[in-house]
Protein chains: 2
Amino acid sequence: MSRPPQQAPSVSTVAQAAGVSRQTVSNVLNAPHRVRPETRAKVEAVISELGYRPNRVARSLRTRSTHLIGYCVGGDNPLLDRFLHAMSTAAGERGYHLVLFTAPAGEAGLPAYQDLLARNTVDGFVLSETTVGDRRQQWLADQGVPFVAFGRSWTPPEAGSWVDVDGAAGTSAATEHLYEHGHRRIGFVGWPPGSGSGDDRLSGWRAACHRLGLDDRPAAHGENGIEHGRALTAELLAGPTPPTALVCVSDVMAVGALQASREAGTGLAVVGFDDSPIAALPGVDLTSVRQPVERIGRDVLRLLLDHLADPAHPRQRVLLKPSLVPRASSTNPTG
Amino acid sequence: MSRPPQQAPSVSTVAQAAGVSRQTVSNVLNAPHRVRPETRAKVEAVISELGYRPNRVARSLRTRSTHLIGYCVGGDNPLLDRFLHAMSTAAGERGYHLVLFTAPAGEAGLPAYQDLLARNTVDGFVLSETTVGDRRQQWLADQGVPFVAFGRSWTPPEAGSWVDVDGAAGTSAATEHLYEHGHRRIGFVGWPPGSGSGDDRLSGWRAACHRLGLDDRPAAHGENGIEHGRALTAELLAGPTPPTALVCVSDVMAVGALQASREAGTGLAVVGFDDSPIAALPGVDLTSVRQPVERIGRDVLRLLLDHLADPAHPRQRVLLKPSLVPRASSTNPTG
DNA sequence: ATATATTGTGCGACTAGGAGT
DNA sequence: CACTCCTAGTCGCACAATATA
């Protein structure tokens, strides 16, 4: 049954069996138009008979392209599983694969990127968890390394391509949604200033408030975390102009906000950001701004592969609109 | 600033710069004891000066080992991010990397595994989402492909090594925990029979009930999902012997159970399984059986790398004990 | 000159066997 | 015969230049 670990067939094996030269076999695979149809048919027959498949390693050595893409795991992205699946699928469709690695956050992780490159392990990178002052983009661009980021490079000059979600548009929509439900004092719970996407989301809320003519704009900022969200919200509720509704920078913060609202007995309306799995839970029912993660994954990979196929390909920036998923936390708040 | 994409140094480059032969450079890296200390020092100096790193592709071609491990993403594992991170870290420490790919579930996915192998893309695989009747293990074993599974092969004969969590021990502990809190009618909400880990968890609950002398053992089974968990629990609560406490096969089911309990106004005590992020949420506060995912990831990789280093290495089975994380859902149920 | 098939060469590392002390 | 080092050959593929019709 289980065949002994026999040597896998190579071009030579196939060539011999088909009565042609190695190169003809190679041509059948890489330049079929150069081969006479009858010859091609014969070679293809032998190929499928022997189950021959080109050795990727040998091909990589010759072509200097591994068809492998590096991705660093380690951040606490609540959407990681969906993102990885989307990228893997998109990569697989074009003969590429994702290679995972770990590295310290930010600049301290650069040696890991460099190592992967210097050893010819990957052709390029997908970045995520981009931050203000992130030096990875510039560094990679300087080295001429193909990469695409999920997330803008918040620090100009912008180097390389990226795909991102328009967070400001998301929080604007959230603010308008709350306005339409009758709220006039709409607050914000965010991250500490300087976080790029956090500031972006903050700005969307601010702009919408301005457009809508809302003056009282209670806001509080702190690290991500349910407990922080709870404490910040409690502060706002105890403040001089307590909000009746809250836009939150993340679902995690929003869950904390809901908790504070319950404790205070106020029917605070809350909107979160990410539409992570926790938002849909019964008893949470959190209205949230949904990021089109599958789309992001596909687009990130498309841009990268375009770039890989043609290094002169112009850089691209793709800004995707998020969508609001309404649930009870904003339309029918309890507490 | 940005150097032109100059050719990366190779053994020859280093050899020339150090005034030795290519082979001596290779020896310095792979068999230092064969090189005179002074020569070694000189070569090492040149290596670090030029920033030379061996090309993995060339090495792979020669040694027939890519130091890459395949892992199929696609299931709905709520612990995927932790698992991937743990494996990536463990792999990186020994010079390996994880390669992601997608494939249809079960046997239909085998061509994807075969393709990765035939093209020499990976040295072996990590399997997860193992099921009853899963033919991947036997198939891989027949081909002599190194692999380790997260999850037992539920169908004998067991082929290959695996690491798994003792689900029965987890549900036993959960049952005893509920017993200690005064409950005598402890039910179970599970998956449809035939799911391996589901049956395992069921058996632990059953055994514990038997040991504790509990006769009434209301149980219900259905697909995973909050809504299913809710419906199944509602059935049990409306049945002839309504439970006062419930052991659930997953956190998702448990959340549904809590919902049903609230709706029925009974203070049902509930324990879930996985300790996924939702368990710790305020308002959920779900007691849950925690899987040591980081440990599993590390162990899976350790077994696989041992096997890779020595194909004659005996197969191993590692069964890890889960731990109970008590929260309010069991100690202070509301509803 | 066109279409097709063939040989030679090198990608960058490792393995084997031989030469010099 | 150790110890150290080197030359030659190999992995599987693809690019280039060449041969045959």
Side-chain angles (χ1 to χ4, degrees), chain A residues 5-44 46-47 50-68 95 116-123, chain B residues 5-44 46-47 50-68 95 116-123:
Chain A
Q6 66 185 42
Q7 185 65 356
S10 74
V11 267
S12 303
T13 321
V14 175
Q16 205 160 8
V20 298
S21 72
R22 296 167 306 171
Q23 187 50 27
T24 300
V25 177
S26 179
N27 281 337
V28 167
L29 294 168
N30 302 314
H33 63 280
R34 298 178 153 266
V35 181
R36 186 155 36 111
E38 303 94 77
T39 315
R40 195 166 89 198
K42 187 170 65 177
V43 172
E44 279 170 346
V46 174
I47 285 178
L50 297 181
Y52 167 75
R53 288 190 181 79
N55 183 324
R56 282 178 62 134
V57 175
R59 174 175 286 181
S60 292
L61 180 58
R62 192 65 179 91
T63 64
R64 308 182 152 286
S65 142
T66 60
H67 281 210
L68 258 27
L116 250 15
L117 283 173
R119 306 185 118 90
N120 270 271
T121 305
V122 300
D123 291 345
Chain B
Q6 65 185 46
Q7 186 63 357
S10 76
V11 268
S12 303
T13 321
V14 175
Q16 205 159 9
V20 299
S21 74
R22 293 171 308 174
Q23 185 48 28
T24 300
V25 177
S26 179
N27 281 337
V28 167
L29 294 168
N30 303 312
H33 63 279
R34 298 179 154 265
V35 181
R36 187 155 36 110
E38 303 94 77
T39 316
R40 196 165 90 197
K42 186 170 64 178
V43 172
E44 279 170 345
V46 174
I47 285 178
L50 297 181
Y52 167 75
R53 288 189 179 82
N55 183 324
R56 281 178 63 134
V57 175
R59 174 176 286 180
S60 292
L61 179 59
R62 192 62 180 94
T63 64
R64 310 184 152 285
S65 142
T66 61
H67 281 210
L68 258 26
L116 250 15
L117 282 173
R119 307 185 116 91
N120 271 274
T121 305
V122 301
D123 291 345

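None of these values were measured; they are calculated from a predicted model. Numbered from 1 within each chain, the chains take letters A, B, ... in sequence-line order.
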Handout entry: Heavy-atom neighbours of R34(B) CZ exceed 12 at 6.0 Å
Key =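 Atom CZ in R34(B) is not crowded, with 12 or fewer foreign heavy atoms closer than 6.0 Å.
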Problem - Sorted by number, the residues of residues 116-123 of chain A with heavy-atom contact under 4.0 Å to DNA chain C - result: none
Practice task
Spell out, as yes or no, whether a donor-acceptor pair under 3.5 Å connects the side chain of S60(B) to the backbone of S65(B).
Solution key: yes
Completion exercise
R36(B) CZ to dG20(C) C1', in whole Å, measures 12 Å
Practice task
Using whole Å, report how far CD of Q16(B) lies from P of dA13(C).
Solution key: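 So the CD-P distance, Q16(B) to dA13(C), works out to 14 Å.
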Handout entry: Criterion side chain to side chain contact (heavy atoms under 4.5 Å, CB included) on V35(B) and V20(B), from CA distance to verdict
Key = CA-CA 11 Å; V35(B) 181; V20(B) 299; over 6 Å; no
Problem - Rounded interatomic separation in angstrom, taking CZ from R53(B) and C1' from dA13(C) - result: 17 Å
Exercise for the section: State, yes or no, whether a side-chain contact exists between L68(B) and L68(A) at a heavy-atom distance under 4.5 Å. Expected result: yes
Problem - Rounded distance in Å - CG (L29(A)) to P (dC13(D)) - result: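 Result: 9 Å.
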Practice task
Kindly check if the number of other-residue, nucleotide or ligand heavy atoms within 6.0 Å of CD (E44(B)) is above 12?
Solution key: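 Enclosed.
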What are the atom names and distances for every N/O pair under 3.5 Å that joins the protein to nucleotides 10-12 of chain C?
| residue | atom | partner | partner atom | Å |
| --- | --- | --- | --- | --- |
| dG10(C) | N2 | R62(A) | NE | 2.5 |
| dC11(C) | O3' | R64(A) | NH2 | 2.5 |
| dG12(C) | OP1 | R64(A) | NH1 | 3.4 |
| dG12(C) | OP1 | R64(A) | NH2 | 2.2 |
| dG12(C) | OP1 | Q7(B) | NE2 | 2.8 |

Handout entry: Spacing between N27(A) atom CG and dT4(C) atom P, to the nearest angstrom
Key = 11 Å
Exercise for the section: Could you tell me which non-hydrogen atom of L50(B) sits nearest to which non-hydrogen atom of P9(B), and how far apart they are? Expected result: O-CG, 3.7 Å
Problem - Strand partner of dA17(D), provided both Watson-Crick or wobble distances fall under 3.5 Å - result: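 dA17(D) is paired, partner dT6(C).
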Problem - Donor-acceptor contact present, side-chain D123(B) to main-chain H67(B), <3.5 Å - result: yes
Taking only nitrogen or oxygen atoms into account, show me every contact under 3.5 Å that the protein makes with nucleotides 16-21 of chain D, one pair per line with its distance.
none

